[in-house]
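Everything on this sheet refers to the single structure shown next.
As the structure is a computational prediction, the values presented were derived from the model and not from experiment.
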Amino acid sequence: SQHRNTLEIREGWGEKSVTKLLQAIEARRDISLDKFIYSLGIRQVGEATAKLLARHYKNFAHWRDCMLDAREENSPAWNDLTSIEQIGPMVARDIVHFFRENHNRYVLDELNKELRITAHAAPAADQASPLFGKIIVFTGTLEQMGRAEAKAKAESLGAHVSGSVSAKTDYVVVGADAGSKATKAKGLGVTILTEDEWMTLAGIRP
């Protein structure tokens with residue numbers, strides 16, 4: 001088909017990836033962002049990582065733009081990408097490398113025309129929560145719950161979890177071995193919470 005020929009002549013797109021994408025196109029025009037990301041066959045990006053990316057970036061356009069901005073390591077977009085739980089520098093480099101290739105970006109944009117890539121749907125948030133609408137940063141090692149679990153809980157309560165501290169940050173949750181983010185929060189006068197205080201505020205326990 002025209003789509004298969006267009007994809008297969010472009011270096012870096014394996015036959016398996018092409019087949020997955022074509023099946024998605026032929027089966028239905030709607031595909032969730034996480035399934036779309038997974039289907040691209042980016043090295044080290046499996047189903048779990050694709051879901052983390054979809055949850056963090058919400059929609060295709062935002063994800064695409066941020067990955068282009070993350071081409072410079074230590075840029076805000078790079079730091080935001082590597083702040084995602086389970087996405088370290090090695091995985092981030094593979095994702096960014098994928099976006100560095102002109103032919104990959106071309107194919108992405110062509111597929112975006114053919115498919116309706118549905119945005120990640122977050123659970124309905126509890127507007128009565130004290131965390132609703134707040135910007136929260138987790139730093140250090142949480143000892144009573146994993147970072148991914150804490151982030152998911154915060155987002156379910158309507159908070160936005162950021163990877164960096166700024167004057168707009170409402171709360172910084174400080175775990176063990178917290179570093180520069182905690183220091184920066186103190187300097188900016190941002191409210192700092194211990195893990196116990198965070199769990200109480202989130203209603204995880206009294």
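Alongside I135, the hydrophobic cluster contains no other residue (criterion: ILVMFWY side chains under 4.5 Å). Here V137 sits in one hydrophobic cluster together with V165, V172, V174, L188, V190, I192; the rule is ILVMFWY side chains under 4.5 Å apart, joined directly or through other members.
For residues 165-199, the ring-ring contact (aromatic ring centres under 6.0 Å, His included) pairs, not counting sequence neighbours, are F138-W198. Annotation: side chain to side chain donor-acceptor pair (under 3.5 Å) contacts involving residues 44-55, sequence neighbours excluded, comprise Q44-D94.
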Discussion item. Between N79 and E73, does the side-chain hydrogen bond (donor to acceptor under 3.5 Å, both in side chains) criterion hold? Intermediate values first, please.
Written reply: CA-CA 8 Å; N79 292 335; E73 294 194 16; over 6 Å; no
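When every heavy atom of V45 is checked against every heavy atom of A50, the shortest pair comes out as CG1-N, 4.0 Å. Taking each heavy atom of L142 and A150 in turn, the nearest pair found is CD1-CB, 3.6 Å. When all heavy atoms of R71 and V96 are compared, the closest pair comes out as CA-CG1, 3.6 Å.
Partners of E149 by side chain to side chain contact (heavy atoms under 4.5 Å, CB included), not counting sequence neighbours, listed by chain and number: M145. Under the side-chain hydrogen bond (donor to acceptor under 3.5 Å, both in side chains) criterion, R105 pairs with N102, not counting sequence neighbours. By the side-chain hydrogen bond (donor to acceptor under 3.5 Å, both in side chains) test, D109 pairs with R64, sequence neighbours left out. Listed by chain and number, the residues in a salt bridge (Lys or Arg N to Asp or Glu O under 4.0 Å) with K168 amount to none (sequence neighbours excluded). E72 pairs by the side chain to side chain contact (heavy atoms under 4.5 Å, CB included) definition with S75, not counting sequence neighbours. When the side chain to side chain contact (heavy atoms under 4.5 Å, CB included) test is applied to D65, no partner is found at least two apart in sequence or on another chain. The side chain to side chain contact (heavy atoms under 4.5 Å, CB included) test applied to H62 returns Y57, N59, C66, not counting sequence neighbours. For D170, there are no salt bridge (Lys or Arg N to Asp or Glu O under 4.0 Å) partners at least two apart in sequence or on another chain.
Partner of H56 under the side chain to side chain contact (heavy atoms under 4.5 Å, CB included) criterion, chosen from I87, V161, I84: I84.
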